[in-house]
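A note on names: the letters A, B, ... follow the listed sequences, proteins ahead of strands, and every chain is numbered from 1. No hydrogens, no waters, no symmetry mates; every other heavy atom, side chains included, goes into these values.
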Amino acid sequence: MIYRVKVDVFLKDGVSDPEGFTIAEAAQSLEIAPIIRVRSGKSFLIELDISSQEEALAAAERLGRELLSNPVIEDFVVAESVEVDHG
Amino acid sequence: MIYRVKVDVFLKDGVSDPEGFTIAEAAQSLEIAPIIRVRSGKSFLIELDISSQEEALAAAERLGRELLSNPVIEDFVVAESVEVDHG
Amino acid sequence: MDKAVGVVVFPGTNCEHDVVEALVDLGVPHRLIWHRETDLMDLECVIIPGGFAHGDYLRPGAIAKFSPVMKAVSSFATSGRSVLGICNGFQVLTEAKLLEGALQKNAGLSFICDVVECEVASRNSPVTSSLELGEKLRLPINHFEGNYTCAEDDLKRLLDEDRIILRYVDNPNGSIGDIAAICNKDRNIVGMMPHPERAMSDLLGSSSGRKILASLLERSAVLS
Amino acid sequence: MAEPLHIALGLTDEEFAMIRSVLQRDPNDLELAMYSVMWSEHCSYKSSRVHLRRLPTEGPSVIMGPGENAGVIDVGDGFALAIRMESHNHPSAIEPYQGAATGVGGILRDIFTVGARPVALLDSLWMGPQNDPKSRWIFKGVVSGISGYGNAVGVPTVGGETHFEEKFGYNPLVNVAAIGIAPKEHLIKAAATGAGNLVVLLGAPTGRDGIGGVSILASTGFGGESDSSKRPSVQVGDPFEEKKLIELCLDLLRSDLLVGIQDLGGAGLSCATSETAAKGGSSMDIYLDKVPRRESCMEPFEVMISESQERMLAIVHPSNLDKVLALAEHWEVQASVVGEVKDPERWLDGKVRGILRVYDHRDGELLAEVPAGSLADEAPLYDRERREPEGWKRKLQDAPSVDSVTEDVLNDLLKTTFDPSTVYRQYDHQLFLNTIVGPGEDAALLRIGAPGVGRVERSFGVSVDGNPRWCVVHPRRGAAATVVESVMNIACVGAKAVALVDCLNFGNPTHPEVMWQLSESIDGVAEACEALGVAVVGGNVSLYNEANGVDIDPTPTVTTVGLSNIPSLPVPSLARSSVGSSLYLIGESCETLSGSAFAFDFLNSDGGNLFTFDYDKVTRLRDTAIELFEHADAYGVETLHNVSSGGVLDAVREISASSRVGCVL
């Protein structure tokens, strides 16, 4: 079966985020709403050929730790895992 | 009040995603699970000083459309909106 | 003839001085335009040079499009005068919707600084009017996001309306249709990824850029 | 009983006693933190300074030498050239992208802090073998960090070198050099003079970047619970902020609004405040509440030793403050007055000297009171024990010989393993329209000129060089050979060497063999520099390069610069050799294979004694190369290439590859 997992990767708290800072200033200048803070990160949608939800989550966990994030400055979270049928 | 909204930005279907392709190859080589496809994207956590959930979602929608995504090649989705108290 | 060429500067732009040196070399008066300025009416033509406006954060040109100068550039263009966006300038023009399409990461996912061969794909533009169709030019490129892309129907329109100005002979970055430069419908706004200002003398590797800038400036009746 | 705080902070008992005698009391935690970073090896050079004194630093064109933020030489017509080199080895091993990126950011700040517009970057990379995944990850990260930061900040990377060896897998080396051009009247020193002048912090807000070992104070010191936000974080570079900072600082200098300026590097505010005060012979008050912060509830020691990037400390006369703040606003850079310069005062020892005082806010609580010079200049200097390695003399007799080679190794020798263009193609090496000879050649040749400075119809050659194998065989002769190599490289682009900066990458100084290597290498650099009339105008020492007890090979690297004319076309290049041309070998070959790539790679031998030089012959060879380059057309010279590691075979292979021609020897 095919599962689609979503892994979000963000800079650890305390690690300087110049991109987030610059985007916050730009967002503020649009005067849509008072911006307090912006944190910029990456997100990955991964389709896996795997047999169960648990295994999909476990695989996403390993991919997040070993490939998708740099543990020195980034944290990751497995945001979702959904079964997808390629009918 | 302070709300934290999350906006995810992904390349439109059909738009070439060399980054996603390269990550898929790397993920495959780790032999964690058979990888079918990887789509790479961006994610933004934005803290807004705003009075209600609806307004927070509306602001996130505008930020996504006017700033955070390039409609020519990207779609965005307001993934979540959570009240945050800076106690 | 004291009409000057305006060279736009955003925080993070870094090729403005090279463009100025090229203009001085061609004997053309110029003026640097800070991104907060809005009065361009005294200018004959506007160049948006290369660099990393706002550090290329979020997307190259994504933030620059909100600078006050861009409204002025837009109205300047509607007056029919020429606007040339070089590299980061081309990215800013697409983000500001003054040109179709978008510039994505290079196919090889790495920055490229090199001299490549381009060929003139249309003579009907401010930058190629004094060149030959198919003429080969050796032009420096210097970018991470030079992979031009656009929707199928946009590509079709670019082809039908002869608005692809320069093509790469040996595509370095995956651009659709080997596109290196395009112009808008009214043919007065040009976006190009190669750097003509870096090709002004054989001592530095190529003088092909001289023809492009001279053509733009003749077209703007600045070069007396 | 837990170890005393000063030991945990890396200070010895004797050093702690010295501090107590200066303060005539126990230092409080903030003072201890400041001393621990200012008296660290990295900031004080305490294990190497006694030897560095033997380097020749004088020269007819030298304007600023070691001790200043950058070396500066006079290049004529009212222009000066600033040059500096730094290592970022340890940060790059932890986070390769940011380690290399902040290395570029830091070296650039040393250039524009003396008033020069940065015009060129070079990098010297020593990586582990690329079949090892970790070494591959480090190498990829380092190159993208240099490319990402250097390209975005708008300074061309015009040259460098990359080497792969087993030992560097455990401890990679990332040395970065930068060069700037300034009108001589814009040059400025980093001194805080004039009581009443204001101390203005320019640039990025302060966070907990790079606090490292001293962070233990957070848990033991002020009783604050150490939650995750307290953890020290890796320094992150922001090339966009640095680009704005460069334009602001050069604008402030053009408008003559500064009394002095210093960049914030290692030890952050503690270093910038104590060094400028000590240099200016002034006292200085700092008000911590005025320092813009990026994190909440930062403790005083965190603010004073944070190594957040892209920050400068400027000394401004009060009458100029409004103009400075207006320019900062124009260039969209944060500027805040964080202190004031005061007159020197009589200290407890009766001497009149500059005192650094840190308050939580103006007229608030005094948090630290220390003589500025004690922090900045009076770290104890050590002449650590040196010892020639066991059996070294015996190894000198054990010369490698080819007799043991039986099968035909020529094909292996010709196997090219690494194409440097895959690296330098990622660097903008064209910006500012100065690059006549770019990366991929023996050296870079750039026109002298820069935006906002103007242009002179002359050029300078620059090259960064190192060869640890030579130094493994014989540290002194190896270091001398490294200088000769660099001088010959720039001669191949028509430049006569006048100055160099060095980066001394060595192991643990408490190992006597390492101190012997360092001392010998310094003597080797001194010997070659004196013989060839090259002044050492600055340098950096990086020690403790080791992993699980194994020290790296001694790796002194140098960046050499020399002046030249604008060459006429066509300019000689590795890529211009044409079919039918003949190859000439100029100069004499030496008999020994000792220290050669062949000896190390094929004979697995680091024995034998290294070649030495007849410096008169070196000078004549250098001048011959300069003559051939400058009048290449007249002599019919298409290519001029320096034979170095890999010998004639490698030199010919490089020409053949670049010119896409065959060669018959």
Legend entry - Portion of B:L63 that has a non-hydrogen atom of chain A nearer than 4.5 angstrom: both
Inset, instruction - Would you mind telling me which of A:G20, A:G41, A:A79 has the largest number of heavy-atom pairs within less than 4.5 Å of chain B? - result: A:G41
Inset, instruction - State, with a plain yes or no, whether a side-chain heavy atom of A:I36 is found less than 4.5 Å away from one of B:L48. - result: no
Legend entry - B:F10, CZ atom: more than 12 neighbouring heavy atoms under 6.0 Å: yes
Legend entry - Between OG on residue B:S40 and CG on residue A:L68, distance to nearest 0.5 Å: 10.5 Å
Inset, instruction - Against chain B, label A:I23 side chain, backbone, both or neither, depending on which of its atoms sit under 4.5 Å from a heavy atom there. - result: both
Could you tabulate the donor-acceptor pairs under 3.5 Å formed by side-chain atoms of residues 54-61 of chain B, not counting sequence neighbours?
{"residue": "B:E54", "atom": "OE1", "partner": "B:S52", "partner atom": "OG", "Å": "3.3"}
{"residue": "B:E55", "atom": "OE1", "partner": "B:S51", "partner atom": "OG", "Å": "3.2"}
{"residue": "B:E55", "atom": "OE2", "partner": "B:S51", "partner atom": "OG", "Å": "2.8"}

Inset, instruction - Quick one: which of B:R37, B:E19, B:K42 has the most heavy-atom pairs under 4.5 Å with chain A, could you say? - result: B:R37
Inset, instruction - Output the distance between atom CG (B:L30) and atom CD (A:E66), rounded to the nearest 0.5 Å. - result: 6.0 Å
Legend entry - Residue part contacting chain B, namely of A:D49, when any heavy atom lies under 4.5 Å: both
Inset, instruction - Find out whether A:V38 and B:L45 are in side-chain contact, i.e. whether some heavy atom of one side chain is under 4.5 Å from a heavy atom of the other. - result: no
Legend entry - Spacing of CZ belonging to A:R39 relative to NZ belonging to B:K6, to within rounding of 0.5 Å: 11.0 Å
